[in-house]
Student: 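Starting off with a structure, shown below.
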Number of protein chains: 2
Amino acid sequence: MASPAPVFSRVERVTLNGLAYEGLKSALLSGRLEPGAVLTLRQLADELGTSMMPVREAVSRLAAENALAVLPNRGIVVPQLDSAAAADIWDLRITLEGDASARAARHATTADIEQMTTLCREVEVAGRASDLHGALERNNAFQFAVYQAARSPVLLRLIEVLRMQSVPHCSAAVRVMLAERPAYFAQSWSNHAALIEAIAAHDAEAAQGIKQRDLEQFRAFVESVRSRQP
Amino acid sequence: MASPAPVFSRVERVTLNGLAYEGLKSALLSGRLEPGAVLTLRQLADELGTSMMPVREAVSRLAAENALAVLPNRGIVVPQLDSAAAADIWDLRITLEGDASARAARHATTADIEQMTTLCREVEVAGRASDLHGALERNNAFQFAVYQAARSPVLLRLIEVLRMQSVPHCSAAVRVMLAERPAYFAQSWSNHAALIEAIAAHDAEAAQGIKQRDLEQFRAFVESVRSRQP
DNA sequence: AATTGACATCTGTGATCACAGCTACCTATA
DNA sequence: TATAGGTAGCTGTGATCACAGATGTCAATT
């Protein structure tokens, strides 16, 4: 039942191309890039200490995933979503992240649940310490721990792609939340606790419902902030 | 209500990079590339009459989408899915293509339904004329016409990504089907007719169910062929 | 004073070159 | 004859260069 004793972890080739991609992906997923922000290949290459070549392939990938947009001879921009595109992505996020939560409830191991619990507690600790940036990061890690437990690499990848488009669109709202509404955070903790509970009970439908309601709530919040400050 | 009279269609920049990507995507989606087939950048560049540069960016994108795999210093290969990966992709195809069919039922216009009907009839005509390759191509066009009617560019893109991984895995089974089981085709026509009917009636649940059953059937067929000839 | 034109400067795109890594073939050895 | 070792010929990766296109500035013109 256990694997036959993995003495060595498989070595994986690392390319500058891949590093550039991971760096940009992480910047997008953690909300460090604002919509409308303009980058250039040369600037990114300088920051990475490489030539333009690896960066342009990374950007090319991100552009294919609509996570970045290339302005012909003007630079690279983080796309600004109109409301139709945003709604499109929200709907799919709710479908797929709900689905992933349900699958996590079906397949999560004890170790998975332990990790979720740990991360969830770390979010809480960071929140209480008013380390909001840290709380956000832990929060992200928690959610991806859930999706990882779904045991579907393809689904995980799709969720990543959707989030790379969605997160920048939410970053303004997140800033508002951190500044004005730390109470909103507390609510999300209780959501997380309920989610873990459902997953631990292997109740797929409950997990899916909790996650979807959580996302709907957040979506409504983001939209209310956007309508307030256009 | 109508748009304000578009006199000129927006010009779109075309790059060799994009052309290479589209060419490879089309080859994958139409089943012209077998799993295990090995390509090289230089060969692809020669075929396109360009340098390696545009090709490698296109390949880089496809590799990021798991539609191609890069063997470090050995070439580029169309991935062979193990049964776990195949099951993963099938599950998601059934979810998302079912979802798209439901959305199509909600949003399809008269023009959409007309186009579906036309394409469906063309599949039938090609099938009767024993133009199996043409029938396959029309069949693909029909399905994407449905998904296009879902009015969700993001969902359409996700389906494309999944299909690029799935189609090569099915190509052997499709070959068997064309050779030995043309009757299977007839069945798919009736599925298509029922799907159009449900969409025309704006019955989202029915459309979703029909599409999902259709895919389950095809999945079972593909798996039976694979287990027969490993 | 307003408008038009040209130019300097920046961008991404594509081509070419250099290089390290992996295979597979082939030879020399036991 | 079987095996080990070396080498030649591929591969993708990365760097550098050349170029066309878009933009914003600034001056000349009306």
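The chains referred to below are lettered A, B, ... by the order of the sequence lines, with proteins before strands, and numbering in each begins at 1.
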Student: From CG of B:Leu19 over to P of C:dT13, roughly how many Å is that when rounded to an integer?
Tutor: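 Answer to the nearest Å: 13 Å.
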Student: Nearest heavy atom decides the nucleotide; on that basis, is A:Arg42 or B:Met53 closer to the 5' end of DNA chain C?
Tutor: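 First, find each residue's nearest nucleotide; the 5'-ward one identifies A:Arg42.
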Student: What is the distance, to the nearest angstrom, from the CG atom on B:Asp46 to the P atom on D:dC10?
Tutor: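 Distance check: B:Asp46 CG to D:dC10 P gives 13 Å.
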Student: Which sits closer to the 5' end of DNA chain C, B:Arg13 or A:Arg13, going by the nucleotide each is nearest to?
Tutor: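 On the 5' side of the pair lies B:Arg13.
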Student: Between D:dG14, C:dG12, D:dG12, spot the one nearest the side chain of A:Leu41, thanks.
Tutor: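 Among D:dG14, C:dG12, D:dG12, the one nearest the side chain of A:Leu41 is C:dG12.
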Student: If the condition is ring pair (Phe, Tyr, Trp, His ring centres under 6.0 Å), which residues does A:Tyr21 pass it with, not counting sequence neighbours?
Tutor: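 Listed in chain order: nothing, the list is empty.
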Student: Which ones in residues 69-76 of chain B lie close to DNA chain D, meaning a heavy atom under 4.0 Å from one of its atoms?
Tutor: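 B:Val70, B:Pro72, B:Asn73, B:Gly75, B:Ile76, in order of number.
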Student: Please report the closest heavy-atom contact between A:Arg74 and A:Val38, naming both atoms and the distance.
Tutor: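 It is O-CG1, 4.3 Å.
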Student: Go through C:dT16, C:dT13, D:dA15 for me and flag the one nearest to the A:Met52 side chain.
Tutor: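 Nearest nucleotide to the side chain: C:dT13.
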Student: I want to check one thing: is the phosphate of C:dT11, taken as OP1 and OP2, less than 4.0 Å away from some side-chain N or O of A:Thr40?
Tutor: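 The answer is yes; a side-chain N or O of A:Thr40 sits under 4.0 Å from OP1 or OP2.
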Student: Taking the six-membered ring for Trp, are B:Phe144 and B:Tyr147 parallel (under 30°), tilted (30 to 60°) or perpendicular (over 60°)?
Tutor: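 Perpendicular: the ring planes of B:Phe144 and B:Tyr147 meet at over 60°.
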Student: Give the nucleotide from the list D:dG14, D:dA15, C:dA15 with an atom nearest to the side chain of B:Arg56.
Tutor: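 My answer, after comparing the listed nucleotides, is D:dG14.
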Student: Among residues 61-68 of chain A, which residues get a heavy atom nearer than 4.0 Å to DNA chain C?
Tutor: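 Heavy-atom cutoff 4.0 Å gives no residues at all.
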Student: Within this structure, what is the CG-to-P distance between B:Leu39 and D:dC10, rounded to whole angstrom?
Tutor: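 Roughly 18 Å, once rounded to whole Å.
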Student: Assess whether salt bridge (Lys or Arg N to Asp or Glu O under 4.0 Å) is satisfied between A:Arg228 and A:Glu180, documenting all intermediate values.
Tutor: CA-CA 14 Å; A:Arg228 204 171 58 186; A:Glu180 308 177 9; 3.7 Å; yes
Student: Crowded around B:Arg138 CZ? As in, over 12 foreign heavy atoms under 6.0 Å?
Tutor: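 No, not enclosed.
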Student: Test salt bridge (Lys or Arg N to Asp or Glu O under 4.0 Å) on B:Asp99 and B:Arg103; report intermediate values, then the result.
Tutor: CA-CA 6 Å; B:Asp99 191 21; B:Arg103 291 190 199 212; 3.4 Å; yes
Student: B:Pro35 versus B:Leu81: any side-chain heavy-atom pair under 4.5 Å?
Tutor: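 No; the side chains remain at least 4.5 Å from each other.
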Student: For the pair B:Arg226 and B:Glu223, find out whether any cationic side-chain nitrogen is under 4.0 Å from an anionic carboxylate oxygen.
Tutor: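 Judged by the 4.0 Å cut-off on N to carboxylate O distance, B:Arg226 and B:Glu223 do not form a salt bridge.
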Student: Output the rounded distance in Å from CG (A:Leu44) to P (C:dG12).
Tutor: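 So the CG-P distance, A:Leu44 to C:dG12, works out to 9 Å.
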Student: Applying the side-chain contact (heavy atoms from CB on, under 4.5 Å) test to B:Glu65, which of B:Gln165, B:Glu160, B:Arg157 qualifies?
Tutor: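 It is B:Arg157, the one option of B:Gln165, B:Glu160, B:Arg157 that forms the side-chain contact (heavy atoms from CB on, under 4.5 Å) with B:Glu65.
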